[in-house]
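Values below: all heavy atoms of this structure, side chains included; hydrogens, waters and symmetry mates excluded. Just follow the structure's listing: the first ligand is 1, and inside any ligand the first atom is 1.
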Amino acid sequence: GLVGIFDLVVFGGTGDLARRKILPALFKRFCAGQMPKPSRLIGAARTDMDTEAYRAFVRIAIKEFVDIPDGDDAALEAFLAQLEYVVLDARGDTGWATLQGMMAPDRVRAFYFSVGPGLFEDLACKLHQWNLTEDDSRIVVEKPFGRDLETAQELNAILAAHFHESQIYRIDHYLGKETVQNLMAVRFGNMLFEPLWNSQYIDHIQITVAETVGVAGRDVYYERAGAMRDMVQNHLMQLLCLIAMEPPAKFEPDAVRDEKLKVIRALDPVEPHHIVRGQYTSADGVASYREDVGNDRSKTESFMALKCHLSNWRWAGTPFYLRTGKRMEVRNSKITVVFKDAPHSIFGPEAGRHNNELTIVLQPNEGITLDVTIKEPGQGGMRLMDVPLDMSFAEALGEGSHAPDAYERLIMDVIRGNQTLFMRNDEVEAAWAWTDPLIRGWESRGDVPKPYDSFTTGPDGAAQLLRRDGREWRGLL
Ligand code: BG6
């Protein structure tokens, strides 16, 4: 889509998120022609340096995180020429007049709060005080958006005091993933699935987000968060919403977000015995969770599995099983929709019973698979087997069509002014309202997460959670 001239101010412009995600993403969009001159990225941070030094810093970051063919630095240098830097103190007066002087008329202004939530209030007030925002300027904020309902409400109130909801872009980078958007395309672009998309035909749904990384390097944040706050409250809930929501009338911000909100509000409280928490121990030469965070009594979970239910007409009776963890066997995120068996087998018990399964792989090998039942080849009567109708996006769309990074999509949506893939205030609050009692529950019971060996599938309890119901997790591989 067409992008106009913009100024993107990144507070925390020298931080890790800027280095790893925001700058590389913008560079790729620049290469795709979506940063028309004289658009700028203005880095703002406390570090004392000038624009030249900032460009040198960004040059290194881009070379680290983007594959640039050797010797092909022309695009990078052209990109760097559209970057500026201002030394700025969110809490003091340093830099604000300079920033104000840099603002140009007639362009989209976006202010990316790539800083801890502790600075949101200072930044919001300063932007206001220095008259930096216009009616359609955008504010971009990242998770963690609070650590419970109360803190999320506080953050929302701070932002609402200075900006309209239509200006606020709360990022959940899972919504920027190409396959996650494909979920909606598959559901609402095909006649094939939607008529069967309910508890009458679907036995259960599994959502797995498994990572091999540990928490080293982010220990302070993670130890206070855990898998529930870090992954379930946001990314897994968003996936659940897209899988379970009613068809919105239009693919428009409020139409989509209204439907997602209804899903979150329909979630039942989760019973304690439907929650499994785990913590990784050392294996294969990697440290344990407790070593990683330097707390040998830590009760924070690095793995979490749970079973939940939605109380509404479409889903009453269909369990949703969610699991996510660090230091798992493989990096793999996928959603599996397990359909019920055909109501009656005409082939008799010897043929075996099979059911359809739709698997949507988010990473690493993005694609969609539909298991279909066919006859086992051979002469001996009629025996059934499953074969996958397999579609890897790389194969179907060609190798060159590799999915853009989530941040590329999301940053450009900010510039375009499209909030569809961003979370609304009420959505975030509803998600916390659901997770808070679960967290408070295990805290008050003094639950300690179960240890699990690094590079496995998590604690035994996770397998039990499904086995009790006569079900199995679909493999990680
Ligand atoms: C982040 C979490 O939001 O998502 C991290 O804070 C996690 O703990 C990351 O590793 C996973 O993102 P992705 O895109 O690698 O699946």
Side-chain angles (χ1 to χ4, degrees), residues 12 15-22 24-25 28 65-66 112-117 140-147 152 169-183 207-242 277-280 286 289 292-293 298 300-304 322-335 360-367 393 402-411 421-423 427-428 431-432 435 449 454-455 458 476:
D16 212 45
L17 181 73
R19 231 165 48 81
R20 285 173 185 280
K21 295 290 183 187
I22 304 172
K28 289 192 202 158
F65 295 107
V66 184
Y112 201 129
F113 289 19
S114 181
V115 296
V140 186
V141 296
E142 280 279 342
K143 63 175 282 245
F145 200 84
R147 50 177 283 106
Y169 290 74
R170 293 176 197 77
I171 289 198
D172 183 311
H173 80 280
Y174 266 58
L175 293 177
K177 289 183 190 276
E178 195 72 6
T179 350
V180 175
Q181 294 161 56
N182 242 318
L183 258 175
I207 303 178
T208 295
V209 178
E211 302 181 275
T212 51
V213 294
V215 300
R218 321 160 66 208
D219 43 301
V220 177
Y221 154 75
Y222 197 92
E223 173 66 357
R224 265 174 60 76
M228 183 63 149
R229 290 189 175 94
D230 185 50
M231 297 293 288
V232 179
Q233 186 270 347
N234 38 73
H235 307 325
L236 277 84
M237 291 279 279
Q238 289 295 321
L239 297 180
L240 175 71
C241 284
L242 299 184
R277 297 166 65 236
Q279 201 180 60
Y280 61 82
V286 302
Y289 176 83
D292 275 346
V293 299
S298 169
T300 302
E301 77 283 354
S302 62
F303 172 96
M304 144 128 244
L322 276 45
R323 69 174 162 166
T324 182
K326 304 277 187 208
R327 286 277 186 254
M328 307 280 291
E329 203 174 15
V330 287
R331 175 165 186 261
N332 184 209
S333 303
K334 66 180 176 193
I335 299 168
I360 299 144
V361 182
L362 308 182
Q363 50 204 27
N365 304 315
E366 297 145 326
F393 290 148
H402 77 99
D405 185 73
Y407 278 89
E408 292 179 53
R409 168 67 192 251
L410 295 176
I411 292 172
L421 299 177
F422 297 83
M423 292 178 298
E427 233 183 301
V428 181
W432 283 120
T435 50
S454 285
F455 308 117
L476 283 180

4.5 Å side-chain heavy-atom contact, [X] and [Y]:
X    : Y    : value
L410 : Y169 : no
F65  : K21  : no
I360 : T179 : yes
M231 : F303 : no
R229 : R224 : no

Original post:
Heavy atoms under 4.0 Å from ligand 1: which residues qualify?
Top reply: K143, H173, Y174, K177, E211, R218, D230, M231, H235, K326, R331, Q363
Original post:
Side chain of Q181, backbone of L175: donor and acceptor closer than 3.5 Å?
Top reply: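 Judged by distance alone, yes, a pair lies under 3.5 Å.
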